[in-house]
Amino acid sequence: MTEKTWAFARDKTAAVRPKSSGVCLVTGVAGFIGSHLAGALLAKGHFVIGVDSLNDYYSPQSKQENLCALLASKAFIFHKKDLNDIPAGTFPAHIDYVFHLAGQPGVRSSWSTSFETYLISNILATQRLLELIVNCDVRRLIFASSSSIYGQASVPVTEGTIPRPLSPYGATKLAAEGLCLAYSSEYSLPLTILRYFTVYGPRQRPDMAIHKFLNAAMTQTPIRIFGDGTQGRPFTYVDDVVDASVSAMSESCHTSIYNISGGRPSTLNDCLAIIEETTSRRITREFCETQRGDPYETEADISEARRCLGYEPRVSLESGIAREWEWMQLHLAGVVSL
Ligand code: NAD
């Protein structure tokens, strides 16, 4: 995978891009959600410039493999780069849409990892990106924010619920939202903030619950459940998140914020029962104390996203888990990577 210069990206976008499509910049393109989003944008005929530092929060090798299908497209360019290290004035002069997904995730690990990591990846990198794109004639910035900004608010949360993060991760995502709003106002940059709720599906990050549960089923190892398993999450299938993100490109409001969730929450116990049914394997649970930063339940009011983006979560938990399980089995067979 060679690193290409931004100047090259500028020439190539002009040469390859069909008139009807847009040039999309996707940050965090090698990650779980970013790689799915870039694939969907290419399928819709857009030109995609992807940026990712391939950091080692989890296996960089699996991130490189997430890029394989994208790199086969002539309409995709990849830059292995940390956003904080991109020099000013080197971006392509014209980018239609910016999807900002690069960041440091992990609610629990944000209490145990150096705060600097979250500061650099979620706040400084966002501010750097904003500085880089303000002169690129961008039609819309779409920022991947998180349900973690809400903390333990009464459910269901609306976009107007007062954010009260319970973790350094949530606090840095909220600060990044603030930066996007400030730049949007100062530079008349159209902005949509999407607050994703617990996303899962093929290529899911290995630190996330469903991935861990499926892995436990596959390897027949016990899993730790923090709490009694009755905590609820509106698990959101990655294709639904991608659909919402693509719909945001045609948003008419100058500045908007939407909750994007899979609908009604399911408990971790429900989720485990579905996994046992899907995999025909029993999972041994070890119940442990609740972790810092984990709200007991999250649930989103998605009526604004329904009304303005035409968003509707389509993939049921049963069907989404079956697809993630299928992907994990292919991985085990060496056909795709974890
Ligand atoms: P991920 O870790 O798989 O992807 C993030 C990618 O960003 C990684 O590949 C990483 O290498 C890259 N990155 C990090 N800092 C960077 C920097 N400074 N410059 C360039 N690249 C950098 O995570 P994901 O689960 O795909 O999440 C994507 C985004 O969605 C994140 O911003 C996350 O906060 C947000 N989000 C995710 C979920 C979820 O359930 N997965 C929920 C809410 C919000």
#### Entry: Taking every non-hydrogen atom, the tightest pair across Thr298 and Arg233
OG1-CD, 3.5 Å

#### Entry: Any donor-acceptor pair under 3.5 Å from Asp243 side chain to Asp240 backbone
no

### Query
Does the side chain of Phe235 come within less than 4.5 Å of Val315's, by heavy atoms?
no

### Salt-bridge contact Arg224-Glu286 (side-chain N to carboxylate O under 4.0 Å)
no

### Query
Using the ring of each side chain (for Trp, its six-membered ring), is Phe78 parallel, tilted or perpendicular to Phe76, with breaks at 30° and 60°?
parallel

### Query
Counting distance only, does the side-chain N/O of Ser121 pair as donor-acceptor with the main-chain N or O of Gly103 below 3.5 Å?
no

### Task
Determine whether Leu101 and Leu37 make a side-chain contact, defined as any pair of heavy atoms from C-beta on separated by less than 4.5 Å.
yes

### Task
Would you mind checking if Glu304 and Arg195 are paired as a salt bridge, meaning a charged N to carboxylate O distance below 4.0 Å?
no

### Query
With no hydrogens and no angle check, is any side-chain donor or acceptor of Glu131 less than 3.5 Å from a backbone partner on Ala88?
no

### Donor on one side chain, acceptor on other, Thr27 and His100, under 3.5 Å
yes

### Task
Verify the neighbour count for atom CD of Gln220: are there more than 12 heavy atoms of other residues, nucleotides or ligands below 6.0 Å?
yes

### Task
Measure across Ile260 and Thr236 and return the closest heavy-atom pair with its distance rounded to 0.1 Å.
O-OG1, 4.1 Å

### Heavy atoms of other groups near Arg306 CZ, more than 12 under 6.0 Å
yes

### Query
Does a salt bridge link Asp52 with Lys80, judged by any charged N lying under 4.0 Å from a carboxylate O?
no

### Query
If Ile, Leu, Val, Met, Phe, Trp and Tyr residues are connected whenever their side-chain heavy atoms lie under 4.5 Å apart, and connections chain through other members, are Ile302 and Val157 in the same group?
no

### Query
If you round to the nearest 0.5 Å, how far is OG1 of Thr192 from CE of Met249?
11.0 Å

### Query
Looking at CZ of Arg140 and OG of Ser252, how far apart are the two atoms once the value is rounded to the nearest 0.5 Å?
7.5 Å

### Query
Got a sec: does the CD of Glu312 have more than 12 other heavy atoms crowding it under 6.0 Å?
yes

### Message
Quick check on Arg264: does its CZ atom have over 12 non-hydrogen neighbours (other residues, nucleotides or ligands) under 6.0 Å away?
### Response
no

### Query
For atom CD of Glu318, is the number of surrounding heavy atoms from other residues, nucleotides or ligands below 6.0 Å larger than 12?
yes

### Query
So, Ser35 versus Arg203: side-chain donor-acceptor pair below 3.5 Å or not?
yes

### Query
Relative to Tyr237, does Arg323 satisfy both conditions: NZ or CZ under 6.0 angstrom from the six-membered ring centre, and within 45 degrees of the ring's axis?
yes

### Message
With side-chain hydrogen bond (donor to acceptor under 3.5 Å, both in side chains) as the criterion, how do Tyr196 and Ser261 come out once you've worked through the C-alpha distance, each side chain's angles and the decisive distance to 0.1 Å?
### Response
CA-CA 6 Å; Tyr196 300 157; Ser261 93; over 6 Å; no

#### Entry: Working for side-chain contact (heavy atoms from CB on, under 4.5 Å), residues Thr267 and Asp270
CA-CA 5 Å; Thr267 67; Asp270 293 339; 3.1 Å; yes

### Task
Mind listing the closest non-hydrogen atom pair of Tyr169 and Ser148 along with its distance?
CE2-OG, 3.5 Å

#### Entry: Check: Tyr118 side chain, Lys173 main-chain N or O, donor-acceptor pair, under 3.5 Å
no

### Query
Would you say the side-chain atoms of His46 pair up with the backbone N or O of Gly22, donor to acceptor, closer than 3.5 Å?
yes

### Query
Taking it one step at a time, do Ile86 and Phe91 satisfy side-chain contact (heavy atoms from CB on, under 4.5 Å)?
CA-CA 8 Å; Ile86 298 175; Phe91 252 35; 3.8 Å; yes

### Summary
All heavy atoms of Pro313 vs all of Gly263, minimum pair found to be CG-N, 4.1 Å

### Task
Start with the C-alpha gap between Arg285 and Glu276, add the side-chain angles, then the distance that decides, and say whether salt bridge (charged side-chain N to carboxylate O under 4.0 Å, His left out) holds.
CA-CA 12 Å; Arg285 288 102 157 133; Glu276 288 184 326; 2.6 Å; yes

